[in-house]
Amino acid sequence: MTILITGGAGFIGSNFAIDWLASNDERIVNLDKLTYAGNLENLQSLEGDDRHQFVHGDIGDAGLVGRLLQEHHPRAIINFAAESHVDRSIEGPEEFINTNVVGTSRLLQVSRKYWEGLGEDARSAFRFVHISTDEVYGSLGAGDPAFTELNRYEPNSPYSASKAASDHMIRAYFHTYGFPVVTTNCSNNYGPYQFPEKLIPLIIHNAIAGKDLPIYGDGQQIRDWLFVSDHCSAIRRVLEEGTLGEVYNIGGLNEKPNIEIVHTLCAILDELHPNVDGRSHTSQIVFVKDRPGHDRRYAVDASKIDRELGWKPAMTFEEGIRKTVEWYLANPKWVENITSGEYRQWVQRQYS
Ligand code: NAD
Ligand code: TYD
């Protein structure tokens with residue numbers, strides 16, 4: 001049997017592929033466009049493994065996706081592919097519409113045709129799992145209850161609006177065509193292979209390089225943080241047992257203000273990679289101009305997936321964040337390769 005994943009050279013998709021094949025012999029076909037965020041080095045440990053086949057291409061390329069489906073006959077599709085960075089969506093929303101809305105819609109259309117052509121057993125077993133974000137629910141006040149699956153969609157950034165649009169298309173395909181979809185809305189992930197444009201890897205990278213640690217606004221914005229392999233285990237549960245047409249929130253039960261995250265990273269780095277002049281890495285913290293429309297707080301009520309599918313995060317934040325720092329310290333070549341070229345231009349535009 002085979003599954004097709006999209007965006008599997010990115011942060012979460014590559015972790016998913018590695019975790020999947022560590023405990024399972026079912027083949028993965030991995031379709032990825034290799035944008036700036038896609039990196040084949042993330043998949044190096046799978047090189048020469050017949051169970052993993054990488055295909056370079058766009059989820060919006062209906063011809064290619066159709067051929068892949070006919071060739072490999074996957075029993076499921078997991079859609080990770082997306083433009084995923086809020087700041088980039090503020091600089092240029094267009095690519096977010098192209099991939100997250102148009103690309104996902106094309107992928108859905110071709111997948112539905114494939115599914116309709118399957119025999120009865122294969123058709124009833126088929127699943128399309130769409131990976132989305134808690135950001136579609138908008139921003140919470142300090143005392144508000146965490147997002148449940150029943151919250152209104154109130155996306156505030158071009159990124160979250162484009163993800164919300166794709167979630168709506170998924171929902172429409174279930175209601176209109178009976179297409180067997182399940183959607184997950186997850187909180188902020190962290191862990192190995194995350195591109196250092198996102199808060200945690202950016203802070204680790206800058207701290208080691210002796211650069212400023214930029215904190216937007218007052219640093220009191222709150223996110224819920226989940227270790228990436230816990231997200232992957234939740235997706236596996238949803239794939240196997242999720243109810244069709246349903247939405248599952250996934251969260252780390254771990255809300256923290258950004259400033260606290262940065263202080264935690266500095267403390268670990270002071271121990272594992274101290275500055276040569278003995279100054280704490282906290283001396284590199286700089287408060288910079290706030291992100292426009294910056295959402296104040298995200299918090300996820302993940303009780304539905306716990307109750308219905310028996311999933312809970314396994315990793316504590318203390319353990320996960322230390323593992324993450326250790327991974328970046330142990331993989332300087334990965335960081336060096338990924339932070340050359342386009343990355344430098346982005347940092348120049350974003351932080352100058
Ligand atoms: P990422 O930016 O690291 O990776 C995205 C991957 O998708 C890259 O490999 C890229 O090359 C690929 N891609 C982009 N456009 C494509 C296209 N048109 N066709 C094929 N491939 C394309 O993102 P990530 O952090 O791994 O996020 C994966 C998914 O999880 C996204 O859908 C994102 O919205 C969602 N999500 C992410 C987080 C998080 O904290 N990172 C949290 C919740 C949900
Ligand atoms: P990010 O990792 O971009 O994820 P998201 O915006 O999807 O939650 O940012 C996490 C939080 O950290 C968010 O509140 C913005 C903040 N942030 C900074 O303060 N400085 C930075 O340089 C970055 C990249 C993010």
Side-chain angles (χ1 to χ4, degrees), residues 5-16 30-40 42-43 55-61 64-65 78-90 95-96 98-100 102-104 106-107 130-136 139 156-157 159-160 162-163 166-167 184-191 193-203 205-206 212-226 228 231 235 249-252 256-259 261-262 285-291 294-298 300 338 346-347 350-351:
I5 69 171
T6 70
F11 164 48
I12 302 173
S14 61
N15 274 283
F16 182 87
N30 183 348
L31 172 66
D32 195 295
K33 188 178 169 184
L34 296 180
T35 66
Y36 77 92
N39 181 3
L40 284 177
N42 298 4
L43 298 164
V55 180
H56 184 202
D58 193 322
I59 55 166
D61 181 343
L64 171 65
V65 174
I78 307 178
N79 183 33
F80 294 96
E83 289 293 332
S84 69
H85 186 35
V86 173
D87 292 318
R88 286 185 192 254
S89 81
I90 294 167
E95 237 0 80
F96 289 72
N98 290 342
T99 284
N100 301 1
V102 179
T104 304
R106 292 234 179 95
L107 178 68
H130 177 61
I131 308 304
S132 191
T133 164
D134 61 353
E135 303 190 24
V136 296
S139 183
N156 291 321
S157 72
Y159 163 65
S160 54
S162 67
K163 290 296 290 187
S166 66
D167 293 9
T184 61
N185 292 92
C186 187
S187 60
N188 286 53
N189 285 215
Y190 68 98
Y193 301 114
Q194 188 169 29
F195 193 78
E197 64 186 352
K198 306 276 168 64
L199 180 70
I200 287 178
L202 181 122
I203 294 296
H205 172 60
N206 282 15
D212 289 350
L213 310 182
I215 298 195
Y216 298 164
D218 61 4
Q220 293 303 329
Q221 299 81 10
I222 291 174
R223 300 290 182 264
D224 170 65
W225 295 94
L226 179 69
V228 63
H231 188 187
I235 295 166
N249 282 355
I250 303 171
K256 299 218 181 282
N258 295 337
I259 188 73
I261 295 286
V262 175
I285 290 175
V286 175
F287 288 86
V288 300
K289 192 161 75 79
D290 207 355
R291 171 188 281 174
H294 198 170
D295 283 340
R296 198 70 184 162
R297 174 173 167 241
Y298 304 139
V300 170
I338 210 163
W346 160 254
V347 168
Q350 174 69 3
Y351 295 100

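Every value quoted in this text rests on a predicted model; they were computed, and no experiment measured them. Excluded from the calculations below are hydrogen atoms, water molecules and symmetry mates; all remaining heavy atoms, backbone and side chain alike, are included. Just so you know, ligand 1 is whichever comes first in the structure, and atom 1 is the first atom listed for that ligand.
- For ligand 1, the atoms lying closer than 4.0 Å to a non-hydrogen atom of Asp58 are 17 (C), 18 (N), 19 (N).
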Assess whether salt bridge (Lys or Arg N to Asp or Glu O under 4.0 Å) is satisfied between Asp134 and Lys163, documenting all intermediate values.
-> CA-CA 10 Å; Asp134 61 353; Lys163 290 296 290 187; over 6 Å; no
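- To the nearest 0.5 Å, the span separating CZ on Arg223 from CZ on Arg296 amounts to 9.5 Å.
- Close contacts of ligand 1 with Ser84, meaning ligand atoms under 4.0 Å from a residue heavy atom, involve 1 (P), 2 (O), 23 (O).
- In the vicinity of His85, heavy-atom distances shorter than 4.0 Å reach the ligand 2 atoms 3 (O).
- Taking distance alone, with nitrogen or oxygen atoms compared against 3.5 Å, Tyr351 approaches ligand 2 more closely than that limit.
- Around the CZ atom of Arg106, the shell of radius 6.0 Å holds no more than 12 heavy atoms that belong to other residues, nucleotides or ligands.
- In this structure, atom 4 (O) of ligand 2 lies nearest to the protein heavy atom Asn188 ND2, 3.4 Å.
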For side-chain hydrogen bond (donor to acceptor under 3.5 Å, both in side chains), just list the numbers for Tyr216 and Asp87, CA-CA rounded to whole Å, side-chain angles, deciding distance to a tenth of an Å, and then say yes or no.
-> CA-CA 11 Å; Tyr216 298 164; Asp87 292 318; 2.8 Å; yes
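- Residue contacts with ligand 1 include Phe80, since one of its heavy atoms falls under 4.0 Å from the ligand.
- In Asn185, neither the side chain nor the backbone holds a heavy atom less than 4.0 Å from any atom of ligand 1.
- Residue, atom and distance of the protein heavy atom nearest to atom 8 (O) of ligand 2 are Arg223 NE, 2.7 Å.
- Not a single heavy atom of Gly60 lies less than 4.0 angstrom from ligand 1.
- In Leu202, the part holding a heavy atom less than 4.0 Å from any atom of ligand 2 is the side chain.
- Near Thr35, meaning under 4.0 Å from any of its heavy atoms, are these atoms of ligand 1: 10 (C), 11 (O), 14 (C), 15 (N).
- Considering backbone and side-chain N/O atoms, Trp225 never comes within less than 3.5 Å of an N/O atom of ligand 2.
- For atom 24 (C) of ligand 2, the closest non-hydrogen atom of the protein is Glu197 O, 3.2 Å.
- In Lys163, the part holding a heavy atom less than 4.0 Å from any atom of ligand 1 is the side chain.
- Less than 4.0 angstrom separates some heavy atom of Ala81 from each of these atoms of ligand 1: 7 (O), 20 (C), 21 (N), 22 (C).
- Among the atoms of Asp87, none of the N or O lies under 3.5 angstrom from an N or O of ligand 2.
- In this structure, atom 12 (O) of ligand 2 lies nearest to the protein heavy atom Asn258 ND2, 3.3 Å.
- For atom 40 (O) of ligand 1, the closest non-hydrogen atom on the protein side is Asn189 N, 2.8 Å.
- Ligand 1 lies less than 4.0 angstrom from a heavy atom belonging to Ser132.
- Under a 4.0 Å heavy-atom criterion, Ser14 is not in contact with ligand 1.
- The protein non-hydrogen atom at the shortest distance from atom 2 (O) of ligand 2 is Leu199 N, 2.9 Å.
- Counting the atoms of ligand 1 from 1 in the order shown, those under 4.0 Å from a heavy atom of Gly57 are 19 (N), 20 (C).
- Backbone and side-chain nitrogen or oxygen atoms of Tyr298 are examined, and none is located within less than 3.5 angstrom of a nitrogen or oxygen of ligand 2.
- Distances below 4.0 Å separate heavy atoms of Val86 from the following atoms of ligand 2: 6 (O), 7 (O).
- Heavy-atom separations between Tyr190 and ligand 1 are all 4.0 Å or longer.
- Of the protein's non-hydrogen atoms, the one nearest atom 25 (C) of ligand 2 is Tyr216 CE1, 3.6 Å.
- Not a single donor-acceptor pair under 3.5 Å links the side chain of Asn189 to the backbone N or O of Val228.
- Only the side chain of Tyr159 comes within 4.0 Å of ligand 1, counting heavy atoms alone; its backbone N, CA, C and O stay farther away.
- The distance from ligand 2 to the heavy atoms of Ile215 drops below 4.0 Å at these ligand atoms: 19 (O).
- In this structure, of Glu135, Lys198, Arg291, His294, the residue bringing a heavy atom nearest to atom 9 (O) of ligand 2 is Arg291.
- Close approach to Asn188 involves these atoms of ligand 1, each under 4.0 Å from a residue heavy atom: 40 (O).
- Close approach to Leu34 involves these atoms of ligand 1, each under 4.0 Å from a residue heavy atom: 11 (O).
- Close approach of ligand 1 to Ser187 is summarised as follows: ligand atoms under 4.0 Å from at least one heavy atom of the residue are 42 (C), 43 (C).
- For ligand 2, the polar-atom distance check against Pro214 finds a nitrogen or oxygen pair separated by under 3.5 Å.
- Between Tyr159 and Phe96, the ring-plane angle classifies as perpendicular under the 30° and 60° cut-offs.
- Contact annotation: Ile131 has at least one heavy atom less than 4.0 Å from an atom of ligand 1.
- Among all protein heavy atoms, the one lying closest to atom 5 (C) of ligand 1 is Ala82 O, 3.4 Å.
- In summary, Arg88 and Glu197 engage in a salt bridge, as defined by a charged side-chain N under 4.0 Å from a carboxylate O.
- Closest to atom 3 (O) of ligand 1, if we only count protein heavy atoms, is Phe11 N, 3.0 Å.
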